[in-house]
Amino acid sequence: MGVAVRAFRAGPLPHHGDALLAQSFLNPFAEQVESGCLGTIGEIFEGDAPHNACGCFAQAWSVAEILRSWIQLETEIQKTRKPR
């Protein structure tokens, strides 16, 4: 999961420049963190909806990659916001 998120982050942001859009694709992971094994996300997810978690129920590097991606995208979003 972590490698897939890293590849996603490396693709849309540089090519489209829309960090807010890229970040919106990470929002569903917040639901995963609050269900199943609390505070973590699964190793892999099914490709078809509803994209259930499978494999290992708690993967530290998957959580780390989601957080790293979120922080990087949030930093990009903050750069584009005008100061008040």
Give the minimum heavy-atom separation between Leu21 and Asp18, together with the two atoms involved. N-OD1, 3.0 Å
Could you grab the distance from atom CH2 of Trp61 to atom CZ of Arg68, nearest 0.5 Å is fine? 14.0 Å
Specify the closest pair of heavy atoms between Leu73 and Ala19, including all atoms of both residues, with the distance to one decimal. O-CB, 3.8 Å
What's the spacing between Ile71 CD1 and Ile66 CD1 if we round to 0.5 Å? 11.5 Å
Would Cys54 and Glu46 satisfy side-chain contact (heavy atoms from CB on, under 4.5 Å), going step by step from the backbone distance to the final call? CA-CA 7 Å; Cys54 48; Glu46 295 175 347; 4.1 Å; yes
Ala58: partners by side chain to side chain contact (heavy atoms under 4.5 Å, CB included), with sequence neighbours left out: Cys37, Thr40
All heavy atoms of Ala53 vs all of Gly42, minimum pair found to be CB-CA, 4.4 Å
When rounded to the nearest 0.5 angstrom, what is the spacing between OG1 in Thr80 and CG in Leu20? 8.0 Å
Please evaluate residues Asn27 and Trp70 with respect to the criterion side-chain contact (heavy atoms from CB on, under 4.5 Å), reporting the C-alpha separation (whole Å), side-chain torsions for both, the decisive distance (0.1 Å), and the verdict. CA-CA 9 Å; Asn27 288 337; Trp70 186 273; 3.4 Å; yes
Shortest non-hydrogen contact from Phe45 toward His51: CD2-O, 3.3 Å
Distance alone, cut at 3.5 Å: any donor-acceptor contact between the side chains of Gln72 and Glu76? no
For atom CG of Asp48, is the number of surrounding heavy atoms from other residues, nucleotides or ligands below 6.0 Å larger than 12? no
